[in-house]
Structures are given as structure tokens and as C-alpha cells.
Enquirer: 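Okay, here's the structure, questions in a sec.
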Amino acid sequence: MTDKKPFYITTSIAYVNAAPHIGFAMESIEADAIARWMRKKERETFFLTGTDEHGVKIQKTANELGRDVKELCDENSNKFRNLRAILNLSNDDFIRTSDKENHWPGVRKIWHLMKTKGDIEKRKYEALYCYGCEAFFTEKDLDENGECPNHKRKPEVIAEENYFFNLSRYSDEIAELIETGKLRIIPDFRKTEILNLAKEGLHDVSFSRPAEKLPWGIPVPGDPSQTMYVWCDALTNYISGIGYGQTDDPLFQDFWEGGEVMHVIGKDILRFHAGVWIGMLLSAGIKIPDMIFVHGFLTSDGQKMSKSLGNVVDPIDEVETYGVDAVRYFLLREVPVGRDADYSKKRFEEMYQAHLANGLGNLSSRIHTLCLRNNVAPGYVLDEEKDGEFLRLIKDAAARLDSAMKEFVLHEALSAIFSLVEILDQKMTELKPWEMVKKEPEKGAHLLRNFLAAISWIADHLEPFLPGTAERMKKMFGVGTKSLGEPAMLFPRTEMLFGDK
RNA sequence: CGCGGGGUAGAGCAGUGGUAGCUCGCCAGGCUCAUAACCUGGAGGCCGUGGGUUCAAGUCCCACCCCCGCAACCA
């Protein structure tokens, strides 16, 4: 790891029209784990998240509720801001697209640069619009009768003048960036997917809407009759959030221009990030990000999550029930990076019980008790000659952990740590330290120092993934101090949590 | 139509051509330091279907079947 450039990581920004979704929680937690990992590797790291607040949808919701749209955005945005505490995220800042001071100048600046380049132009645009939905449709959205599926009537054809971004002219350049890996798409199969799309040619995109249709947004510079459409507004958060557009922008210089940049997003918006966003940056002459890390979607008990089915999982409820690290564990370990996965309560509880309560929790407990009873103190450093076996076990786990994290395979990384838990349980049974301390006290105590060192290693390396648990374990095992801490029930078994089963 | 992903034990997945593995669950033993935890063993798979290449195929090739995504703002 020679690359010690500053590291900048972002999540997508969440749209404020709905409550935080378990999928967004997963995205935030993945980004957080990577951010924490980088900090641990002593890289200067900046982690940004935030909310996307403009558009007709939230405006409509505000109207229906008879509320002021800005006020509603403030309220909803806070629900996302609060995830920092609830999910134990380490984001360094939180950007809001309604923030006129911090966000808007960057957006205006990039618009201006693109305009100057000749990539933004006014065009006549014909679109299908349903007044019932207050939304535009494409042919594909309509049902077999050519009608709006929600209102069962033919949408109107509206002609309007919009600004368009000439994305198509960047198709080849974008395809090449993806193909050569200058823009790295993780996982690989997403790269293939988006590369094919780019090779087919990207379409120009509508960059504005008439202000009377879209009043809640950023006015187009020099043409207040038009409001910016989502792309230029929302995507720009990644740079406005670190100062782009301000007179003085040291963070932007360090982390964007001089750093390594990773966007963490969902599979649904890859094409906008790999397409529109990269096109915008190319047009404006700004450096492009290095990596786009794409996660899949979660189903709920095998079914698509939807409000109508009522099976949407609320991350906040889950955290209240099981604790934040149990939720983090499930999302990081049980969801294969990049793939779709199922979030089922049954599976969640099985994993919780097996890996966290019976595995990590119980092992911590047995080591702590034995050390406490036999006056084994923390701080022992394993010795190459005397402790070769334990040293090797730890090194193996460390090697697996490093190589997994190098490729951002988070579930594999966590699995590397947890396999050491399993091995330590086996070693315990094999070496019977509780007997050895009776027969040969000094040898027994030394063995326990090995176990203590190993569990301390686990505590330390768990930090990016389960920061709260890592903290508690360090206290419990007195890491960095001279004596053991109080015993702790890290993960109570589910019957202790719920009192049955 | 096309593009992408997937189809391996009850569930979730790993498997780079060479005796089918992991986690969970289930069953039986063992142990007692520990959160009725832990350890060991076991049952359970014609690896989507049909062809082909090969001494050898879950793994390569061809055809087909089934499931899931796929341009607007839904994580």
C-alpha cells in the first residue's frame, strides 16, 4: 500500500420524500466501513453524505400536507442527518441540496463551465405528461393501452423548451475511461453492464424544466424561467459538499483534485453516475472520480420492498431491537458486496445468535473470565519464538482481511475476522487453559496471554465494521491499559432480548 | 428483440478442469472456562435441461428452459 493519497468517499444523497430505508442504511454503513478502514490505514479520509431535496415530488407532498416545502425538507433531512448517531456513521459532513450557501454556488459554477464549453443548449422537447401523477412518462411506462397505469388515461403530449446536456458526445470517452479502469466500477459485472451501455451510446439528457412546473429547485443561471433538473443539481453535491464553488476550497483541492475518490451508490443509479456525472465533469474540465462502488438491492423476506406491500424494513426499528452493530454486522457480512440479498428477520436472528451471541460474545466472555480469575493482564506482545502458533493464526486472518479490503469485499473481510473467532474456540477446547492453570500455572497464564492478545487483535480490527463493539471489547480487555476491564455482555442471546424461544 | 445477473444440500452462498465445500438450520456424541454457550461426528446434492470437447466438467463450447434487473428521479 504505497498509495497514501487522501481518500474521499461519498454515499448517494437520499431523497427527502421518504423515511430512511434499510437500503440506504446499508449504503451508508458500507461507505462508513470503508472510510473507517482507510483512516485505520492512516489515510487522510473524508466521508460525505447528505440529502437531495428539490423536485416536484417533495413539493407535491408539502402541498398535500399544507406545509412549507423548505420546512418539510428541514424536517425530513434531519431524519437522515440523525442516521449518523443511530448507525454510528463517521461522516465528516452532511450536504443538503437546498443549502444555498454551500451547495448552490458549486452547481452554478459547473453549469456555467458546461455552458461555456457549449455542452448545454436549449431545445424543444416533446414529452408525455400525466396531470394526475404530475409526472413525465416514456412509452415504456405506459400500460398496453398507452395509458398512465395509475390514472388510466392517456397522458398529454407537452412541448416545452428545456436545456439539454450533450452527453452523447462524451459516450466514447466515457466508455474508454470505464474500459481502461481509469474509472473503476466495482463489482466487475457492473462494469461490463455499464460499459455495454456506454458503447451503445449515451443519450443527451434534459437538464432543466420550466420554472412553473418545477418551482422548487435551483434557477438556471441567466434564465430564471427555467429550473435545474435533478442531475446538475444533485450530482454536483459530491464536489459542492467539499467546497467546490466557494472562493476558498482547500478540501476540494486536497480530496478531489489531489485525492482518491470513491462513490458508493445503488445499482439503480449507476448509469447516472458513470454516465451523466462523468460527462458533466469531462465537460467542465474537472477531474473524474476513481471508483464507483455499486451495491445491490435488498428484498424483504424474498419480496420486493414496497410501501403497498407494507414490508419496508425500517433501519431505525431494527437498530432499536437488535442494536446498531447487529444491524451493521448483518448488512456487511450477510450481504455479498454488490449483489442483491434478502433481509429476513429469521435469517437475521439466526446470524445474530450464531455469530454474535454464541460466537464473538461467548468467546469474549470465556477469555475474559479466565484471564480475570488467573490475574492475566493485558499488554503482552506475542513473541515470534514462544508464540508462533497464535502469531500465525493472527497473521493468516490479517492477510485475509487485507486482501479482502484491498478489493472492498466487505463480507469477506468480516468473515476473515470471524473465522479467527471460530479457531480460537477450537484452540480453547484443544488446549484447555482452565486445566493448564491448575497443573502448570505459569504455562497456563502464558497461554491465556495468547488468547488475550488474539481477542484484542479482533477487537481492534473489528473497529471499521462494528465500531461500538470494538470499543466495548477494548474496554473489557483493557487494550492499551494495564488491567482488564469489567466483563460485558456484548450480544445477549435472543431469548435474553425477547424473553422467549 | 437486446444487454446484464442468477439457477450447487432445507435456507443463504463459495467453488480457479482432477476425489462436491462453507455458514445457518437439523440429528447424535463429548466437554464444562463461557451468553443452555463451545468442540467432534452425522444425515442431507443425478451442481437448471440436452448435447459436445477432454483421460477427466459445477468448472470449457453449443443449444435450450426458468428467475431477477434494465433511462429517469423509487436505496
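Note on naming: letters A, B, ... go to the chains in the order of the sequence lines (proteins, then strands), and numbering restarts at 1 for each one.
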Enquirer: Strictly by Watson-Crick or wobble contacts shorter than 3.5 Å, is anything paired with B/A20, and which nucleotide is it?
Expert: none
Enquirer: Which comes earlier along RNA chain B counting from the 5' end, the contact point of A/F189 or that of A/G266, where each point is its nearest nucleotide?
Expert: A/F189
Enquirer: Output the rounded distance in Å from CG (A/D342) to C1' (B/A11).
Expert: 10 Å
Enquirer: Using a 4.0 Å heavy-atom cut-off, does A/F491 contact any base of the nucleic acid, only the sugar-phosphate backbone, or nothing at all?
Expert: base
Enquirer: If you assign each of A/M428 and A/D425 to its closest nucleotide in RNA chain B, which residue comes earlier from the 5' end?
Expert: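 Result: A/M428.
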Enquirer: Please determine, for B/G29, whether a Watson-Crick or G-U wobble partner exists with both distances under 3.5 Å, and give it or none.
Expert: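 Across all strands, the one nucleotide that pairs with B/G29 is B/C39.
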Enquirer: For A/E422, answer base if it contacts any base atom (sugar-phosphate contacts may also be present), sugar-phosphate if it contacts only those atoms, and nothing otherwise; contact means non-hydrogen atoms under 4.0 Å.
Expert: sugar-phosphate
Enquirer: Can you tell me which nucleotide in B/A71, B/C73, B/U32 comes closest to the side chain of A/R209?
Expert: B/C73
Enquirer: Could you please name the option among B/C73, B/U40, B/C24 that lies closest to any side-chain atom of A/E350?
Expert: B/C24
Enquirer: For A/Y322, which of A/F348, A/F491, A/Y329, A/F330 qualifies under ring-ring contact (aromatic ring centres under 6.0 Å, His included)?
Expert: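 Only match with A/Y322 under ring-ring contact (aromatic ring centres under 6.0 Å, His included): A/F348.
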Enquirer: Taking pairing as Watson-Crick or G-U wobble with both contacts under 3.5 Å, can you name the mate of B/U54, or confirm there isn't one?
Expert: none
Enquirer: What's the closest nucleotide to the side chain of A/T192 if the choices are B/C38, B/U35, B/G4?
Expert: B/G4
Enquirer: Would you indicate, yes or no, if B/C74 has its OP1 or OP2 atom less than 4.0 angstrom from a side-chain nitrogen or oxygen of A/K57?
Expert: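 Answer is yes, contact under 4.0 Å.
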Enquirer: Within the distance-only criterion (no hydrogens, no angle test), does the side chain of A/Q353 pair as donor or acceptor with the backbone N or O of A/T494 below 3.5 angstrom?
Expert: yes
Enquirer: Could you give the NZ-to-P distance, from A/K432 to B/A34, as a whole number of Å?
Expert: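 That distance rounds to 15 Å.
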Enquirer: Partner of B/A34 by Watson-Crick or G-U wobble geometry, both contacts under 3.5 Å, or none?
Expert: none
Enquirer: Look at A/E349 together with A/K345 and state whether they make a salt bridge at an N to O cut-off of under 4.0 Å.
Expert: no
Enquirer: Check every atom of B/C38, B/U23, B/A75 against the side chain of A/F24 and return the nucleotide holding the closest atom.
Expert: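 Nucleotide nearest to A/F24's side chain: B/A75.
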Enquirer: B/C38 and B/G44: how far apart are their C1' atoms, nearest whole angstrom?
Expert: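 Those two atoms are separated by 24 Å.
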Enquirer: Tell me: CZ of A/R347 to P of B/U23, nearest whole Å?
Expert: 12 Å
Enquirer: To the nearest angstrom, how far is A/L431 atom CG from B/C38 atom C1'?
Expert: 14 Å
Enquirer: If you check the A/W434 side chain, which of B/U32, B/G69, B/U40 turns out closest?
Expert: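 When the side chain of A/W434 is considered, B/U32 is the closest of B/U32, B/G69, B/U40.
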Enquirer: Describe the nucleic acid contact of A/V205 in one word from base, sugar-phosphate, nothing, applying a heavy-atom distance below 4.0 Å.
Expert: base
Enquirer: Describe the nucleic acid contact of A/H368 in one word from base, sugar-phosphate, nothing, applying a heavy-atom distance below 4.0 Å.
Expert: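 Nothing: the residue A/H368, judged by heavy atoms under 4.0 Å, touches no strand.
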Enquirer: Between the base of B/A34 and the side chain of A/N362, is there a donor and acceptor pair under 3.5 angstrom?
Expert: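 A donor-acceptor contact between them is present.
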Enquirer: Are any of the side-chain nitrogens in A/K213 or A/E161 under 4.0 Å away from the carboxylate oxygens of its partner?
Expert: no
Enquirer: Where the side chain of A/R339 is concerned, which of B/C13, B/C39, B/C70 is the nearest nucleotide?
Expert: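 For the A/R339 side chain, the nearest candidate turns out to be B/C13.
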Enquirer: Nearest whole angstrom, please: distance from the C1' of B/G5 to the NE2 of A/H295.
Expert: 17 Å
Enquirer: Base, sugar-phosphate or nothing for A/T369? Non-hydrogen atoms, less than 4.0 Å.
Expert: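 The answer is sugar-phosphate, as A/T369 gets under 4.0 Å only of primed atoms, P, OP1 or OP2.
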Enquirer: Would you kindly say whether A/R400 and A/S419 are connected by a side-chain donor-acceptor distance under 3.5 Å?
Expert: yes
Enquirer: What does A/A354 touch in the nucleic acid at a heavy-atom separation under 4.0 angstrom: a base, only the sugar-phosphate, or nothing?
Expert: sugar-phosphate
Enquirer: Just to confirm, is there a sub-4.0 Å distance from OP1 or OP2 of B/A34 to any side-chain nitrogen or oxygen of A/R373?
Expert: yes
Enquirer: Taking atom P in both B/U16 and B/U59, what distance in whole Å separates the two?
Expert: 11 Å
Enquirer: Is it true that A/E430 and A/K427 make a salt bridge, defined as a side-chain N closer than 4.0 Å to a carboxylate O?
Expert: yes
Enquirer: What is the nucleic acid contact for A/I265, judged by heavy atoms within less than 4.0 Å: base, sugar-phosphate only, or nothing?
Expert: nothing
Enquirer: Using the C1' atom on both, measure B/G5 against B/A9 and round to a whole Å.
Expert: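 It works out to 23 Å between them.
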Enquirer: Which part of the nucleic acid does A/L490 contact within heavy-atom distance under 4.0 Å: base, sugar-phosphate only, or nothing?
Expert: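 The residue A/L490 makes base contact.
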Enquirer: So what's B/G69 paired with, Watson-Crick or G-U wobble, going by both distances under 3.5 Å?
Expert: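 Across any shown strand, B/G69 pairs with B/C3.
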Enquirer: One thing to verify: whether A/E412 and A/K406 come together as a salt bridge, which I'm taking to mean a side-chain N less than 4.0 angstrom from a carboxylate O.
Expert: no
Enquirer: Please tell me which of the listed nucleotides, B/C73, B/U23, B/A75, lies nearest to the side chain of A/Y229?
Expert: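 The answer is B/C73, which lies nearest to the side chain.
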Enquirer: For a side chain to side chain contact (heavy atoms under 4.5 Å, CB included) with A/Y15, tell me which candidate from A/K57, A/H54, A/E53 qualifies.
Expert: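 Among A/K57, A/H54, A/E53, the one meeting side chain to side chain contact (heavy atoms under 4.5 Å, CB included) with A/Y15 is A/K57.
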Enquirer: Under a plain distance cut-off of 3.5 Å, with no hydrogens placed, do A/D325 and A/T469 share a side-chain donor-acceptor pair?
Expert: yes
Enquirer: Pick the C1' atom in B/A71 and in B/G4, then give their distance to the nearest Å.
Expert: 15 Å
Enquirer: Give none if B/C46 has no partner; otherwise give the nucleotide forming a Watson-Crick or G-U wobble pair with it, both distances under 3.5 Å.
Expert: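 Per the H-bond distance test, none.
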Enquirer: Can you check the A/I278 CD1 to B/A71 P distance for me, whole Å?
Expert: 20 Å
Enquirer: Choose from B/C74, B/U35, B/A71 the nucleotide whose nearest atom is closest to any side-chain atom of A/R271.
Expert: B/A71
Enquirer: When you compare B/G48 with B/C66, how far apart are their C1' atoms, in angstrom units rounded to a whole number?
Expert: 7 Å
Enquirer: Just N and O in the side chain of A/Q353: are any of them under 4.0 Å from OP1 or OP2 of B/U35?
Expert: no
Enquirer: Quote, to the nearest angstrom, the P distance that separates B/U32 from B/C39.
Expert: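 It comes out at 15 Å once rounded to the nearest Å.
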Enquirer: Would one find a side-chain N or O of A/N196 under 4.0 angstrom from OP1 or OP2 of B/G4?
Expert: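 Yes.
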Enquirer: Of the nucleotides B/C38, B/A75, B/G12, which has the atom closest to the A/E27 side chain?
Expert: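 Output: B/A75.
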Enquirer: Measure CD/A/E53 against P/B/C73 and give the value in whole Å, please.
Expert: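 Distance, rounded to whole Å: 19 Å.
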Enquirer: Can you tell which of B/A72, B/U23, B/C33 lies closest to the side chain of A/F272?
Expert: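 Selected nucleotide (nearest to the side chain): B/A72.
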Enquirer: Rounded to the Å, how far apart are A/R493 CZ and B/C24 P?
Expert: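 Taking CZ of A/R493 and P of B/C24, I get 13 Å after rounding.
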Enquirer: In whole angstrom, give me the gap between the C1' atoms of B/A37 and B/C31.
Expert: 12 Å
Enquirer: Between B/G69 and B/A56, how many Å separate the two C1' atoms, rounded to a whole number?
Expert: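 Going atom to atom, C1' in each nucleotide, I get 37 Å.
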Enquirer: Looking across every strand, which nucleic acid part, if any, lies under 4.0 Å from A/G55 by heavy atom: base, sugar-phosphate, or nothing?
Expert: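 Touches nothing.
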Enquirer: Does this structure show an ion pair linking A/R190 with A/E193, if we count only N-O contacts that are shorter than 4.0 Å?
Expert: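 So A/R190 pairs with A/E193 through a salt bridge.
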